[in-house]
Each structure stands twice: as C-alpha cells, then as structure tokens.
Amino acid sequence: VDGPVGAGEEALALAACIGVQRLVPCDELGYSVLDRGRRQLIVYISPDGTDAGDNEAFWQIESEHPLCQARSSVAILSERLSGAKLRASRVFSEWYAPLGIHDEAKLDLGWVGGVSRAIMLSRCGRGRFTQRDRQVLETIRPHLARLLAPAPSAGVLTRREYEILASVQRGLSNKEI
C-alpha cells in the first residue's frame, strides 16, 4: 500500500461490513488493513465506530494468535482451538478476555506484499460461529476480495495502456487508436 486508504475504499469497506453483518450476525465486526512487516495498523473500519483496540497489545500477541497464523480464506477461532486450550492461552488472557470475545472469525481478503486485508467478526455472547456462517463467508469472500482489492499502484500500466499513451502522444484521435 503506497499511502493511506482512500475515502472511496473506506466507503466500500463500511458497506461491505454492514452487508457481512446482516448475513453473519455478530457483536463486533471490522475491516482491517495491516502492514505485517512494519507491524502497523494502516486502517480499521467498523460500522459502529469501534476502534481496533490496543495496537501495541495486538502486535505483542500476533505471532501466537491462531487467526493471524491461519492462511485459509476463512478461519474460525473455535475450530482452531478448543475452549480449554483457548482459555489457557496468552492470546485469551491478553486479547480476548479483556474484550469479552468468545469466538472470532477472520475473512481473509488477501495479501499484497506484507500488507493483509481482512474482515474480523467477533461474538461476545451469541455463541460460536457455525458451519452455515463458514459457508456464507466462503461464498462471499471472492466477491469482497475483488471489491476491496487495493488499487494498482500509480505508474504501473499494461502494455496496451502504454500503446494508447504513445498513440495519444503522436496526436492520434480516439477513432484512429
């Protein structure tokens, strides 16, 4: 990501979050863009305006976080760790317990370089995410990944775009091109 997330992307991300929350009920939900190499939160967008929490605390547990280590398109905490194992973990005591989270799902929207994009869904009192929830998230994931994909970097053109630019420089009209 060359710069901050634009207003257009923020509006799309917010609309996507609202749509996801209608399909998969949850207590909290947010779209995040993380620069893993720099260990930096670039943006966090939530329909209810909730912030991402303690950024420093997150990076301290990130290497142990079961959803951060998951490289699948949809990862659900309760499928990766049993309740007893989760409650015995540092991630639970330092991240989930203070936030009151009982289960969490990650909808991975892809990586570009060291930057990841994801929608995180949290349940605090609604029970665990179900197979139906997983299926819905897996179904909508490719569409959201395309919708929220980062814009191509400035200066990167296709061969055809370079040909068109050269034609314009030579003074050709649209019709001639």
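Here Q135 pairs with nothing under the side chain to side chain contact (heavy atoms under 4.5 Å, CB included) rule; sequence neighbours left out. Legend: residues meeting side-chain hydrogen bond (donor to acceptor under 3.5 Å, both in side chains) with Q131, ordered by chain and number and at least two apart, are absent. When the salt bridge (charged side-chain N to carboxylate O under 4.0 Å, His left out) test is applied to D133, the partners found at least two apart in sequence or on another chain are R123. Residues passing the side chain to side chain contact (heavy atoms under 4.5 Å, CB included) test with P142 are R146, sequence neighbours excluded. F92 meets the ring pair (Phe, Tyr, Trp, His ring centres under 6.0 Å) test with no other residue; sequence neighbours excluded. Under the side chain to side chain contact (heavy atoms under 4.5 Å, CB included) criterion, S63 pairs with no residue, sequence neighbours left out. Among residues two or more places apart in sequence or in another chain, the salt bridge (charged side-chain N to carboxylate O under 4.0 Å, His left out) test is passed with R134 by E79, E138. E64 is linked by a salt bridge (charged side-chain N to carboxylate O under 4.0 Å, His left out) to R90, counting only residues two or more places apart in sequence or in another chain. Considering only residues two or more places apart in sequence or on other chains, R132 meets the side chain to side chain contact (heavy atoms under 4.5 Å, CB included) condition with T130, V136. The salt bridge (charged side-chain N to carboxylate O under 4.0 Å, His left out) test applied to R141 returns no partner, not counting sequence neighbours.
Heavy atoms only, all atoms of each residue included: S46 and L29 are closest at OG-O, 2.9 Å. The minimum heavy-atom distance linking S72 with D108 is given by the pair O-CB, 3.7 Å. Across all their heavy atoms, S93 and P98 have their closest contact at O-CD, 3.4 Å. Nearest heavy atoms, I61 versus E94: CG2-OE1, 3.5 Å. Between C26 and Q21, the shortest heavy-atom contact is O-NE2, 3.3 Å. The shortest non-hydrogen separation linking G30 to Y44 is CA-OH, 3.4 Å.
A distance of 8.5 Å separates CG of L109 from CZ of R117, quoted to the nearest 0.5 Å. Going from atom CG of L144 over to atom OG of S73 covers 11.5 Å, rounded to the nearest 0.5 Å. Taken to the nearest 0.5 Å, the CE atom of M120 stands 11.5 Å off from the SG atom of C17. One finds the CG atom of L121 at 7.0 Å from the CG atom of L107 (value rounded to the nearest 0.5 Å). Rounded to the nearest 0.5 Å, atoms NZ (K106) and OG (S122) are 13.0 Å apart.
Residue pairs that meet the ring-ring contact (aromatic ring centres under 6.0 Å, His included) test with at least one member in residues 96-132, sequence neighbours left out, are H65-Y96. Within the structure, salt bridge (Lys or Arg N to Asp or Glu O under 4.0 Å) contacts touching residues 18-33 (residues at least two apart or in different chains) are D27-R126.
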Legend entry - Verdict with supporting geometry, V20 and L137, side chain to side chain contact (heavy atoms under 4.5 Å, CB included): CA-CA 8 Å; V20 169; L137 293 172; 4.1 Å; yes
Inset, instruction - Go through the steps to decide whether E62 and L34 satisfy the test side chain to side chain contact (heavy atoms under 4.5 Å, CB included), and finish with yes or no. - result: CA-CA 11 Å; E62 184 258 349; L34 298 173; over 6 Å; no
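R80 contributes a side-chain N or O that, together with a main-chain N or O of P66, makes up a donor-acceptor pair within less than 3.5 Å.
Here the side chains of F58 and L41 are not in contact, with every heavy-atom distance at 4.5 Å or above. V33 is not listed as a side-chain neighbour of I45, based on a closest heavy-atom distance of 4.5 Å or more.
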